[in-house]
Amino acid sequence: MADHRQALWNDTDSEGHEPLLTEKDTTTVSTEGSDLPDSLTRESVELPALSEPELARHYTRLSQMNYSVDSGPYPLGSCTMKYNPTFVEDIAALPQAGTHPDRPAGTVQGTLQVYHELQEYLASIGGMDAVSLQPPAGAAGEFTGILVTRAYHEHNDEGDARSEVIVPASAHGTNFASAALAGYDVVELPAGADGRVDLEALEAAVSEETAALMLTNPNTLGLFERDIEEIADIVHDAGGLLYYDGANLNALLGRARPGDMGFDVMHYNVHKTFATPHGGGGPGAGPIGVTEKLAPFLPAPRVQRTDESDEAAGETDAAGTRYDLFDPQYTIGKVHGAMGNWLVLLKAHAYISRLGDEGLRDASAKAVLNANYLGERVDLEIPFGPYHHEFVASAGERDAIDFAKGMLDHGVHPPTTKWPEIVSEALMTEPTEAESKRTLDQLATAFNAVHAADEETLAGAPTATAAKRIDQTEAARNPRLSWHTLDD
C-alpha cells in the first residue's frame, strides 16, 4: 500500500481544488427557436464550453480527489469497509439476472432457486430455522426483526405487557432507533468492568415487561460475550427474546452460530459479511433469520421448494423440483417490494457459493488475525481484550478527531472516532480480512507517526488533502446541499 495522495490542481485561482465546470469556461447559448413555451424559457443560458478531453479530465480529477477502498485500507471500526471482489459484479451483470419481479413464478424458476438457496445458506450460517430476504438494509433488517418480535408477543396476548427492549450502552445506534421506532421503551444496559454485559445489571433490568435484549457478539469493543448462554437463559426465563445484531458476524463465520448461542432472531449485514456493496443510501440488503417459533411471523412472501409438478403454472426441472412463493401464517406483511433487492442478494449468493464452508472459515480467521496483528503493531493503549475482528484504541490525551485528521495526511483513512464511549478518545479500528500484512504494516506506521506527532501539527491537519479541516458540527447542522451556496 502506497500513501494515497489526493490530486491537487492549479489551473485556475481555485487554491488547488478542481474548479467547477462553470469556472473553467462558459459560452452564452441563445434559446431562440426552442420548442418550449416562452413561459418556460430564458433568453439565453450560460453553459460550460469545454472540449471532450477537458470534460473527461475534469471528472477523472474529481475521482482522484476521493479516497475509497480501491485506494487503500478503510479501517472504520464496526463498518467492515472491506474490499469486495469484482466477480460478484460480473454475476449480477449476466443477462439471465435481469428478471422482472412481476413475472409468474413458473417463468423465473432459476431466480427463485437462488433466493431459496440463499435462504438456506444464511439459515445454516446463523443457526436459524427460517430466513426472510426482504429487508433492504441492515437497519431495516433490525427494524423488521423487532416487528417480528412484537408480532410474536402480540400473538401470545402479551403485546401490551411486553413494552421494553434492553440495549447495551455500547450497542450500535440503530439498535436504540429500531426498538423506539417499533414503539418500545428502550432500557439502556451498562457494561461491566471488562467491557462485556454485566450479568447483575441484566438481571435487574429484565422483567415481565421485557420484549427482547438486542446484542452484538462480538460486541463493539471486539469482545466475545463469554457468558452468552447465561445471558440467553436470563432473558428467556423472563419471557423475552434474544436479538442478534449481525454487524460483527464476519468474526464468527464457520466457527460459531448465533442460533447455537440462544439467539431467537437476527439480521445479516450482507454488505459487511458477504461482499455486497454498502448501500450508502441506495439499494442494500439486510435479511433476517429466526428460530422455528418465529417463522410464522416473517414478512411475505418467502420462497419454498416442492417436488410436485404444476404444469399450469410453469415447468419444473428434470427431478420435478419447483420453487414457489408463499405467505407465512401470521406474516407481518411486506417490508419491501418484491423479494428484496435482487441483484444485491445475488451477489451475496455468489460470494457464499464461491467461498464455501472452508472459505468462510478462512475469512473469519483472517479478520481476527488482521485485527490482532495490527493491534500489536500500534503504539496506542487498547484497554479491552482479547479482541476479535476489531479493537478500540485510545488516543490518550489527544483529541481523537485531531488524531483522525492527522491520519489523512499519511494517505490513509482513519478509524471510527469517539465511539464507543466506554473508551476515552476512542479509535475504533477494523482492518477486515481483505488486507495483506504489508498493508497492515504501513497502516501501523501511519498510526504510530500520528501518535508521535506534536500538538501543533495535529491541530493543523489535514494539509495534504483537497479539503482542509472543516467545522464538522456546522457541516452536520447546516449542510450546504447546492453549489449555489458556496459563496454565501
Query raised in the report: Counting distance only, does the side-chain N/O of T331 pair as donor-acceptor with the main-chain N or O of G333 below 3.5 Å?
Result: yes
**Report entry** Set of salt bridge (charged side-chain N to carboxylate O under 4.0 Å, His left out) partners for D198, sequence neighbours left out
**Finding:** none
Query - H349/W342 aromatic ring centres below 6.0 Å - result: no
Query raised in the report: Going from CG on D260 to CD on E229, what distance comes out if it is rounded to the nearest 0.5 angstrom?
Result: 9.5 Å
Query raised in the report: Ignoring hydrogens and geometry, is there a side-chain-to-backbone donor-acceptor pair from E292 to D129 under 3.5 Å?
Result: no
Query raised in the report: Which is it for D357 and R361 under the salt bridge (Lys or Arg N to Asp or Glu O under 4.0 Å) test, yes or no, and what are the steps along the way?
Result: CA-CA 6 Å; D357 292 342; R361 282 177 57 85; over 6 Å; no
Query raised in the report: Once you round to the nearest 0.5 Å, how far does CG of L249 lie from OG1 of T273?
Result: 5.0 Å
Requested in this report: Examine R377 relative to F447 and say whether NZ or CZ is less than 6.0 Å from the centre of the six-membered ring and inside a 45° cone about the ring axis.
Outcome: no
Report task. Please name the pair of heavy atoms, one in G195 and one in N219, separated by the smallest distance, quoted to 0.1 Å. Result -> O-ND2, 3.0 Å
Query raised in the report: Is it the case that more than 12 heavy atoms not belonging to D160 sit under 6.0 Å from its CG atom?
Result: no
Query raised in the report: So which heavy atom on L374 is nearest to which on L440, and how close?
Result: CD1-O, 3.6 Å
Query raised in the report: Between the side chains of N175 and E142, is a donor N or O closer than 3.5 angstrom to an acceptor N or O?
Result: yes
Report task. Evaluate whether atom CD of E89 has more than 12 neighbouring non-hydrogen atoms of other residues, nucleotides or ligands under 6.0 angstrom away. Result -> yes
Requested in this report: Please name the pair of heavy atoms, one in I288 and one in G141, separated by the smallest distance, quoted to 0.1 Å.
Outcome: CG2-O, 3.2 Å
Query - Pairwise distance CG(N217) to CE(M266) - rounded to 0.5 angstrom - result: 11.0 Å
Requested in this report: Quick one: pull up OH in Y243 and OG in S178 and give me the separation to the nearest 0.5 Å.
Outcome: 7.0 Å
Query raised in the report: Is any side-chain heavy atom of L458 closer than 4.5 Å to a side-chain heavy atom of V450?
Result: yes
Query raised in the report: Side chains of N250 and H389: is there a donor and an acceptor less than 3.5 Å apart?
Result: no
Query raised in the report: Just how far is it from atom CD1 of I382 to atom OH of Y387, taken to the nearest 0.5 Å?
Result: 4.0 Å
Report summary line: When T432, N370, T429 are each screened for side chain to side chain contact (heavy atoms under 4.5 Å, CB included) with P75, the one that passes is T429
**Report entry** Heavy-atom side-chain contact between R398 and L427 under 4.5 Å
**Finding:** no
Query raised in the report: Would you say E200 has more than 12 foreign heavy atoms packed within less than 6.0 Å of its CD?
Result: no
Query - Heavy-atom pair of closest approach, residues T417 and A400 - result: CG2-O, 3.7 Å
Requested in this report: Would you check if the distance from the ring center of Y74 to the ring center of Y83 is below 6.0 Å?
Outcome: no
Query raised in the report: Has F87 got more than 12 heavy atoms of other residues, nucleotides or ligands less than 6.0 Å from its CZ?
Result: yes
Query raised in the report: Does a salt bridge link R162 with D157, judged by any charged N lying under 4.0 Å from a carboxylate O?
Result: no
**Report entry** Side chain to side chain, K347 and Y351, heavy atoms closer than 4.5 Å
**Finding:** no
Report task. With side-chain contact (heavy atoms from CB on, under 4.5 Å) as the test, would you mind laying out the steps for N341 and H336 before giving the verdict? Result -> CA-CA 9 Å; N341 285 317; H336 191 60; 3.4 Å; yes
Requested in this report: Any chance you could measure D245, atom CG, to H267, atom NE2, to the nearest 0.5 Å?
Outcome: 4.5 Å
Requested in this report: Side-chain contact test, heavy atoms from C-beta onward, threshold under 4.5 Å: evaluate it for V131 versus Y268 and give yes or no.
Outcome: yes
**Report entry** N-O pairing of R477 and D471 below 4.0 Å
**Finding:** no
Query raised in the report: Do you know the tightest heavy-atom contact between M128 and T291?
Result: SD-N, 4.0 Å
Query raised in the report: Is there a donor-acceptor contact under 3.5 Å from the side chain of Q134 to the main chain of V335?
Result: yes
Requested in this report: Go through I166 and V235 one step at a time and tell me if the side-chain contact (heavy atoms from CB on, under 4.5 Å) criterion holds.
Outcome: CA-CA 10 Å; I166 303 171; V235 175; over 6 Å; no
Query raised in the report: Do V378 and N448 have side-chain heavy atoms sitting under 4.5 Å apart?
Result: yes
Report task. Check V423 against P383 and note the closest heavy-atom contact, atom names and distance. Result -> CG1-CG, 4.1 Å
Query raised in the report: Does the pair E455 and E397 meet the rule for a side-chain contact (heavy atoms from CB on, under 4.5 Å), with working shown?
Result: CA-CA 10 Å; E455 297 291 341; E397 298 300 317; 5.8 Å; no
Report task. Kindly assign one of parallel, tilted or perpendicular to the pair H155 and F297, based on the angle between their ring planes and the thresholds 30° and 60°. Result -> perpendicular
Report task. Using a cut-off of 6.0 Å, state whether more than 12 heavy atoms not belonging to R255 lie near its atom CZ. Result -> yes
Query raised in the report: Within a strict 4.5 Å, meaning less than it, do heavy atoms of the P462 and R469 side chains meet?
Result: yes
Query raised in the report: Judged by modelled atom types alone, do E430 and T80 share a side-chain donor-acceptor pair under 3.5 Å?
Result: yes
Query raised in the report: Quick check: are there more than 12 heavy atoms from other residues, nucleotides or ligands sitting under 6.0 Å from NZ of K366?
Result: no
Query raised in the report: K405 side chain to K468 main-chain N or O, any donor-acceptor pair under 3.5 Å?
Result: no
**Report entry** L199 vs I231, side-chain contact (heavy atoms from CB on, under 4.5 Å): CA-CA, chis, key distance, verdict
**Finding:** CA-CA 7 Å; L199 294 182; I231 291 170; 3.6 Å; yes
Query - Heavy-atom check, side chain of F274 versus side chain of L253, under 4.5 Å - result: yes
Query - Within-4.5 Å side-chain heavy-atom neighbours: F403 and H451 - result: yes
Query raised in the report: Between E225 (side chain) and V197 (backbone), is there a donor-acceptor pair under 3.5 Å?
Result: yes
